[in-house]
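Below: the structure, in structure tokens.
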Number of protein chains: 2
Amino acid sequence: MKKNGKIEKVSEKTIGRLSLYRRAMDKLAKEGRDFAFSHEIAHMSGATPDQVRRDIMVLGYSGSPNRGYSVAELSKSIGEFLDDLDVQKVVLVGVGNLGRAILSYFTGKRPKLSIIACFDNDTEKTGRVINGCRCYPMSQLQDVINENSASIAIMAVPFSASQEVADRLTHSGIKGILNFTPVSIKVPHGIHVEDIDMTMALEKVAFYSRQKPQGQLLERRTNDKAGH
Amino acid sequence: MKKNGKIEKVSEKTIGRLSLYRRAMDKLAKEGRDFAFSHEIAHMSGATPDQVRRDIMVLGYSGSPNRGYSVAELSKSIGEFLDDLDVQKVVLVGVGNLGRAILSYFTGKRPKLSIIACFDNDTEKTGRVINGCRCYPMSQLQDVINENSASIAIMAVPFSASQEVADRLTHSGIKGILNFTPVSIKVPHGIHVEDIDMTMALEKVAFYSRQKPQGQLLERRTNDKAGH
DNA sequence: TCATATTCGTGACATCTTTCACATTGTGTA
DNA sequence: TACACAATGTGAAAGATGTCACGAATATGA
């Protein structure tokens, strides 16, 4: 959907890949590399060189022919595009096995995204600091979110609590949710939800891992009207 | 790519959604429902009624107008399409925080997918049973996979070990990998890899949660050649 | 300095996925 | 039995995403 050739929408896939490219840049920077070619970035990110160049177009930043992209500048450009000026505050709801794993996974991963609190109903957990993150009772959800202007939530609660928690989060002013729950949550328009559905992912793998050898079962019969 | 109108490829997205539809059917069955309409399934799965009907076409199963789809039969049809006849055996590599969370998450979720072993280097863990799953040292990876004919692996190892583990898995005959590692692993043709990249997902949420209010920053300037 | 090899930027094209829209067909009712 | 209704099944259009291919730009070395 182009508007007079000056403005163009950025696809969701592109947003995701830019995040991967930045990670690749960070890795290269640590190795002391100054420049990288589109095909190297592609290889590191599971994309194609075409995709990489196409995606980078949205940044307004240009590489140089025969030298590639400046690692430092590309990383910076992606940061300017993806990141907010301020740190965005994140809360985690649900401190079970998965919640704790998420906490330790994200700790220090991205400087512009900070998990500032976590919530649970279990009084064994509330009041304590878990994996470096203070745990509050669910009753304080709204207050803590408001006091800290948190805008993002990660949901790792039992599926039965899913929708209720989502409602409370959106009422508290949360603008985006990363949902680990195997439930499709309903949110008001304008709130972004990203689902991570591990069961679905595993079932996809199972499907393809069993059918690949022959390659023929990936096709299907249509409701054959030609058949007789 | 249609071949004479009888055979058609099934899209990857469709595979994923079928898994969600089945989960919806299981839920409805528990509630005692016998029939469901496409719009109900859609609502439960975060899809549209059109998508649901389109996806179900690949099964060869038909609903009935005015009554919708039989919960039991749709679930069965999806099972026949997605599942292998036998149970598919799964191994988990990497029993850190995330690995343990994955173990407890999947336990008993899908009868046709069974996690039969997990692997780690830590001698504190090896030899023990963790979350109901026996933990072996990495050195036994190949042997255990072969002896049990496991075809699927879940990787939750540190990123630095990623590619090496992937290589060993594919050499051991693994046909599909669910990769929680933030690294794009390279595998031989015919091996299916599904990536779950939590950092990327969170960054996507962060991006959209910050830009949605105005809705304008989702657009981009092109490298204006008109400008001067 | 100039030719060469290499890579970027991007219009055009191809493919994949979703949505539209409507004919079709069971179902319940009078 | 015949009618009206409500959902399904599905070609076809629209939209999103990925790929191709080639001109432009730049480093390298004779």
Within the structure shown, what part of the strands sits under 4.0 Å from Arg53(B) by heavy-atom distance: base, sugar-phosphate, or nothing? base
Under a 4.0 Å N-O cut-off, is there an ion pair linking Asp83(B) with Lys112(B)? no
Figure out the CG/P separation between Leu74(B) and dA7(D), and round it to whole Å. 17 Å
Answer yes or no: is there an ion pair linking Arg110(B) with Asp26(B), defined by an N-O contact shorter than 4.0 Å? yes
What I want to find out is whether Glu31(A) reaches Lys27(A) closely enough, with some N-O distance under 4.0 Å, to be called a salt bridge. no
Can you tell which of dT19(D), dG9(D), dG9(C) lies closest to the side chain of Met57(A)? dG9(C)
Taking atom C1' of dG9(C) as reference, at what distance in whole Å does atom NE2 of His39(A) sit? 16 Å
Can you confirm if the NZ or CZ of Lys109(A) lies within 45° of the ring axis of Tyr105(A) and under 6.0 Å from the centre of its six-membered ring? yes
Check this for me, if you would: do Arg22(A) and Glu203(B) make a salt bridge, where the nitrogen-to-carboxylate-oxygen distance has to be below 4.0 angstrom? yes
For DNA chain C, which consecutive runs of 3 or more Watson-Crick or G-U pairs (each distance under 3.5 Å) count as stems? C:1-30 with D:1-30
Are Ser38(B) and dT8(D) close enough that a side-chain N or O sits under 4.0 Å from OP1 or OP2? yes
Students often get this wrong, so: under 4.0 angstrom with heavy atoms, is Thr14(A) touching a base, only sugar-phosphate, or nothing? nothing
Side-chain heavy atoms of Leu113(B) within contact of Val87(B), under 4.5 Å: no
Compare the minimum distances between each of dG26(C), dA27(D), dC20(D) and the side chain of Asp50(A), then state the nucleotide with the smallest one. dC20(D)
